[in-house]
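Encoded as structure tokens, the structure appears first; notes follow it.
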Amino acid sequence: MILILLGPPGAGKGTQAKRLEKTRSLVQLSTGDMLRAEAAAGSKLGLEAKRIMDEGKLVPDALIIGMIGERLDRPDAARGVILDGFPRTVAQAEALEAMLAGKGRKVDCVIELKVDETALIDRIAGRFSCTQCGAGYHDTFHPPRKAGVCDQCGGTRFDRRKDDNPETMKTRLKAYREQTAPILPFYEGRGLVRQVDGMAEVAEVASQIDAALERC
Ligand code: AP5
């Protein structure tokens, strides 16, 4: 299966992709995570991407398309993927379609997480993750069971993303509205879009996604 999770920053794409990875044996491909890994490794591509990400703008299509193309060619992607944060422009959606057609594959389902933009600032402002294992948390909605200790690995160091601040968030939301939302008609025309209420609690969003997948 090739599943796209679509929604603005903070809609819950990463949260739901991680769960689907476990329940459906799919591989989460997050272009944001890939770019952050490149930046942490200090590659030329990563450092250029970091500058753009810190401003909340979108990284050039050619760079992203090349990166995802290589990733889709790896053997684990053959069992099915959840695309989290990709495609983000009509050009990326068209490139994905062509790339998959060349492999005899196609997008099976696009889940749109519908959210209220005003709530997203709180979600983003409260987000942090474990520096050791990457497990994600939220100050209010998902704190660690023991304060200051990661539930998953026992790590005690946490990090917040540099682009998770109200000012950059405005640019990220603008990019979503102007450059990413226009891909919805592209997939609606192919009958692939299923809407889910991203404002519900995490478990409820998960069950709505499961129900939507039955209709894909
Ligand atoms: P990326 O890393 O993809 O970030 P994003 O799309 O802005 O999405 P987020 O990771 O911020 O949010 P999410 O929807 O995954 O929410 P999460 O589950 O974490 O992209 C970053 C940057 O990289 C871009 O700005 C761009 O520069 C670049 N980039 C990446 N891909 C690109 C591409 N294809 N083309 C060009 N540039 C690209 O949830 C957020 C918080 O809310 C968490 O704390 C979580 O615990 C909480 N939460 C989740 N669900 C719920 C719920 N139902 N109720 C309450 N709280 C919830």
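Start at 1 and go down the list; that is how both ligands and their atoms are numbered. Only this structure's heavy atoms are used, side chains among them; waters, hydrogens and symmetry mates stay out.
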Quiz prompt | Residue Lys103 excluded, over 12 heavy atoms near NZ under 6.0 Å | solution = yes
Quiz item: What do you reckon, does Gly7 put a non-hydrogen atom under 4.0 Å from ligand 1?
Solution: no
Quiz item: Under 3.5 Å, N or O to N or O, is Gln16 touching ligand 1 that way?
Solution: no
Quiz item: Are Phe128 and ligand 1 in contact, using a heavy-atom cut-off of under 4.0 Å?
Solution: no
Quiz item: Nearest protein heavy-atom contact for atom 31 (N) of ligand 1: which residue, which atom, what distance?
Solution: Thr31 OG1, 2.8 Å
Quiz prompt | Region of Ile124 engaging ligand 1 - heavy atom pairs below 4.0 Å | solution = side chain
Self-check item: Contact check, Arg161 vs ligand 1, heavy-atom distance below 4.0 Å
Solution: yes
Practice problem: Would you check whether Arg36 reaches within less than 4.0 Å of ligand 1, judged by its heavy atoms? | Solution: yes
Quiz prompt | Charged N-O contact under 4.0 Å between Lys18 and Asp84 | solution = no
Quiz item: Going by distance only, is there an N or O of Val205 that falls short of 3.5 Å from an N or O of ligand 1?
Solution: no
Exercise. Would you tell me whether Thr89 and Asp61 have side-chain atoms, one donor and one acceptor, within less than 3.5 Å of each other?
Key: yes
Exercise. Could you tell me whether some N/O pair between Glu201 and ligand 1 is separated by less than 3.5 angstrom?
Key: no
Practice problem: Please say whether the positively charged group of Arg160, taken as NZ for Lys or CZ for Arg, lies over the ring of Phe158, i.e. under 6.0 angstrom from the six-membered ring centre and within 45 degrees of the axis. | Solution: no
Quiz item: Under 4.0 angstrom from ligand 1, any heavy atom of Ser30?
Solution: no
Practice problem: Take the SG atom of Cys109, take the SG atom of Cys216, and say whether they are under 2.5 Å apart. | Solution: yes
Quiz item: Any idea which atoms of ligand 1 are less than 4.0 Å away from a heavy-atom of Phe141?
Solution: 55 (C), 56 (N)
Practice problem: Could you tell me if any non-hydrogen atom of Ala175 lies under 4.0 Å from any atom of ligand 1? | Solution: no
Quiz item: Should Arg172 be counted as touching ligand 1, given the test is an N or O pair under 3.5 Å?
Solution: yes
Quiz item: Any ion pair linking Asp76 and Arg74 (charged N to carboxylate O, less than 4.0 Å)?
Solution: no
Quiz item: Tell me: protein heavy atom nearest atom 46 (O) of ligand 1, and distance?
Solution: His138 CB, 3.8 Å
Quiz item: Can you find an N or O of Asp33 that's nearer than 3.5 Å to an N or O of ligand 1?
Solution: no
Quiz item: For atom 27 (O) of ligand 1, which candidate among Met199, Lys57, His142, Glu204 holds the nearest heavy atom?
Solution: Lys57
Self-check item: N or O contact, Gly10 vs ligand 1, cut-off under 3.5 Å
Solution: yes
Quiz item: Charged N to carboxylate O below 4.0 Å: is that the case for Asp108 and Lys106?
Solution: yes
Exercise. With atom 11 (O) of ligand 1 as the reference point, say which of Arg88, Arg127, Met53, Lys13 has the nearest heavy atom.
Key: Arg127
Practice problem: Of the side chain and backbone of Leu35, name the one, both, or neither that has a heavy atom under 4.0 Å from an atom of ligand 1. | Solution: side chain
Quiz item: Is it true that the side chains of Ser207 and Asp210 contain a donor and an acceptor less than 3.5 Å apart?
Solution: no
Quiz prompt | Under-4.0 Å salt bridge between Lys114 and Asp197 | solution = no
Quiz prompt | Nearest non-hydrogen protein atom, atom 54 (N) of ligand 1 | solution = Arg123 NH2, 3.4 Å
Quiz prompt | Polar contact flag for Phe86 and ligand 1 (N/O pairs, less than 3.5 Å) | solution = no
Quiz prompt | Backbone or side-chain N or O of Val59 under 3.5 Å from ligand 1 N or O | solution = yes
Practice problem: Could you tell me whether Asp139 and Arg123 have a side-chain N and a carboxylate O separated by less than 4.0 Å? | Solution: no
Self-check item: Derivation of the side chain to side chain contact (heavy atoms under 4.5 Å, CB included) call for Ile4 and Ile111
Solution: CA-CA 6 Å; Ile4 294 174; Ile111 302 275; over 6 Å; no
Quiz item: Numbering the atoms of ligand 1 from 1, which are under 4.0 Å from a heavy atom of Gln92?
Solution: 33 (C), 34 (N), 35 (N), 36 (C)
Quiz item: So is there a nitrogen or oxygen of Gly85 less than 3.5 Å from a nitrogen or oxygen in ligand 1?
Solution: yes
Quiz prompt | Cationic N near anionic O, under 4.0 Å, Arg24 to Glu21 | solution = no
Quiz item: Quick one: does Asp164 get within less than 4.0 Å of ligand 1, heavy atoms only?
Solution: no
Quiz item: For Gly136, is the nearest heavy atom under 4.0 Å from an atom of ligand 1?
Solution: no
Quiz item: Under a 4.0 Å heavy-atom limit, does Pro60 contact ligand 1 with its side chain, its backbone, both, or neither?
Solution: neither
Exercise. Before signing off on this row, confirm whether Thr15 and ligand 1 have an N or O atom pair separated by under 3.5 Å.
Key: yes
